[in-house]
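I have placed the structure first, in the form of structure tokens, so that the comments after it can refer back to it.
Reminder, nothing fancy here: chain letters follow the sequence lines and each chain counts from 1. What's counted below: heavy atoms across the whole structure, side chains too, no hydrogens, waters or symmetry copies.
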Protein chains: 2
Amino acid sequence: MARESKESRHDRLRQALNEDLFLTDSELARLLGVSIQTVRLDRMEIGIPELRERTRQVAAERLRQVRAISGAEIVGELTHLVLGREGSSSLRITDDMLFTKRAIARGHYLFSQANSLAIAIVDAPVALTGLARVRYRRPVTRGEQVDARAEVLRVVGSRHLIRVVSQVNEDVVFSAKFYIVAKDDAG
Amino acid sequence: MARESKESRHDRLRQALNEDLFLTDSELARLLGVSIQTVRLDRMEIGIPELRERTRQVAAERLRQVRAISGAEIVGELTHLVLGREGSSSLRITDDMLFTKRAIARGHYLFSQANSLAIAIVDAPVALTGLARVRYRRPVTRGEQVDARAEVLRVVGSRHLIRVVSQVNEDVVFSAKFYIVAKDDAG
DNA sequence: AGTTAATTAGTACGTGCTACCAATGAGCAG
DNA sequence: CTGCTCATTGGTAGCACGTACTAATTAACT
């Protein structure tokens with residue numbers, strides 16, 4: 001019986017850590033059927049840090065993301081804003097926004113960008129979406145930057161009608177009309 | 001000069017860790033101006049685990065989230081599905097879906113749940129949202145479970161008209177109509 | 001058989017702790 | 001002042017999970 005190739009063991013190592021980040025070298029050794037030293041040599045070769053460092057990196061990344069999300073009620077980056085009138089934001093499509101099988105962004109990212117921009121424009125303590133009409137013009141793919149521009153069309157009492165148009169370069173990829181209801185803080 | 005109260009030191013400890021999770025006991029000791037033993041006694045008293053355990057917990061939480069997102073093309077949990085006909089999913093509103101200031105879920109979570117459910121129903125390699133009409137009936141708050149039911153209303157060629165109604169208990173909180181365009185793999 | 005790459009064994013050391021125990025100091029009641 | 005108590009500090013032993021290094025063993029192949 002030929003010995004397993006190093007490459008295939010490396011694959012199994014990566015696979016195992018992919019399923020469970022918190023495996024110690026000794027657990028990996030048992031799992032792969034090799035000595036602990038081999039596991040360590042393997043990790044060195046493919047540049048996988050030790051358990052504690054892996055854990056640390058994941059935790060740090062998570063903290064970064066949590067901060068980004070709780071800091072941003074807005075999906076995308078706000079580039080321009082006149083309260084009660086207009087605004088714009090841009091969003092770069094990254095891998096985690098794609099359908100896994102295809103390099104096409106899931107629709108709700110475009111919706112979220114537009115919706116959060118529309119809400120940001122309404123000058124009120126709390127604004128809720130009441131109704132939306134949405135049109136997806138063409139798929140958006142990895143790496144593209146989506147620029148959304150929003151303007152207030154009409155205001156009736158607490159109800160704002162806002163139109164958002166999202167473009168990649170000069171290409172309209174998405175458009176929507178939102179009815180946003182502003183509520184005072186007591187609401 | 002009166003010695004600082006233990007309580008206020010505990011506050012400073014919590015504060016310090018809030019700003020930087022990755023402080024070792026010895027760094028904390030320097031920061032708080034006490035010995036390392038005192039830091040450890042303090043941690044015991046207020047139930048803060050050691051650096052590695054804190055890190056581990058944060059990392060573990062992140063993995064839970066990443067899985068929830070990448071494992072599911074569906075937002076929410078799919079509870080029922082008949083391809084080409086109907087389906088349902090449920091989504092529990094957690095803290096990270098809320099506006100920070102208020103316990104109200106952001107609209108795009110409801111949209112995402114409904115949209116992903118609608119796409120799941122269409123029996124095609126790739127399905128894209130072409131158009132959506134969305135109505136938010138009432139705000140949804142922390143801890144509520146949103147059950148979305150979707151049914152195909154009409155199919156014309158590759159275009160599917162799908163209605164989704166989302167309820168909390170018997171209460172309709174959201175409804176939408178989606179035009180979903182099915183594409184074959186070559187598209 | 002000789003050479004080479006791969007694997008295993010083993011030791012010393014490092015970090016960041018827990019779990020202890022003993023010593024010191026500060027505040028206060030009797 | 002004495003005795004008591006709580007808070008703080010110092011120090012040691014041990015543990016988990018490593019790194020870094022050296023040396024021995026095994027397998028594979030010309």
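Checked against dA9(C), dC17(D), dT8(D), the side chain of L41(B) finds its nearest nucleotide in dT8(D). Relative to the side chain of V34(B), the nucleotides dG18(D), dG16(C), dT9(D) differ in distance, and dT9(D) lies closest. Comparing dC17(C), dA9(C), dT19(D) by their nearest atom to the side chain of S35(A) picks out dA9(C). Residue R9(A) places its side chain closer to dT7(C) than to any other of dT9(D), dT7(C), dA9(C). Of the candidates dG16(C), dT8(D), dT8(C), dT8(C) carries the atom nearest the T38(A) side chain, counting heavy atoms from C-beta on.
Salt bridge present: E144(A) and R138(A) bring a charged side-chain N and a carboxylate O closer than 4.0 Å. A salt bridge links K6(A) to E45(A): at least one charged side-chain nitrogen sits closer than 4.0 Å to a carboxylate oxygen.
In the interface, the side chain of R52(B) is paired with the base of dT15(C) through a donor and an acceptor atom under 3.5 Å apart. One N or O donor and one acceptor, one from the side chain of Q37(A) and one from the base of dG10(C), sit under 3.5 Å apart.
Across the protein-nucleic acid pair, R56(B) atom CZ and dT15(C) atom P stand 24 Å apart, rounded to whole Å. Going from atom CG of D25(B) over to atom P of dG10(D) covers 15 Å, rounded to whole Å. Distance CD1 (I48(B)) to P (dG16(C)): 18 Å, rounded to an integer number of Å. Following rounding to the nearest Å, R54(B) (CZ) and dG16(C) (P) show an atom-to-atom distance of 11 Å. Taking atom CG of residue D42(B) and atom C1' of nucleotide dC6(D), one finds them 14 Å apart after rounding to whole Å. Separating the CD1 atom of I36(A) from the C1' atom of dT19(D) is a distance of 12 Å, rounded to the nearest angstrom. Atoms CZ (R40(A)) and C1' (dG18(D)) sit 6 Å apart, rounded to a whole Å.
Judged purely by distance below 3.5 Å, without hydrogens or angles, the side chains of S90(A) and T79(A) never pair a donor atom with an acceptor atom.
Contact check, K6(A) against dA5(C): no side-chain N or O comes under 4.0 Å of OP1 or OP2.
Ring-centre distance between Y136(B) and F178(A): not below the 6.0 Å cut-off.
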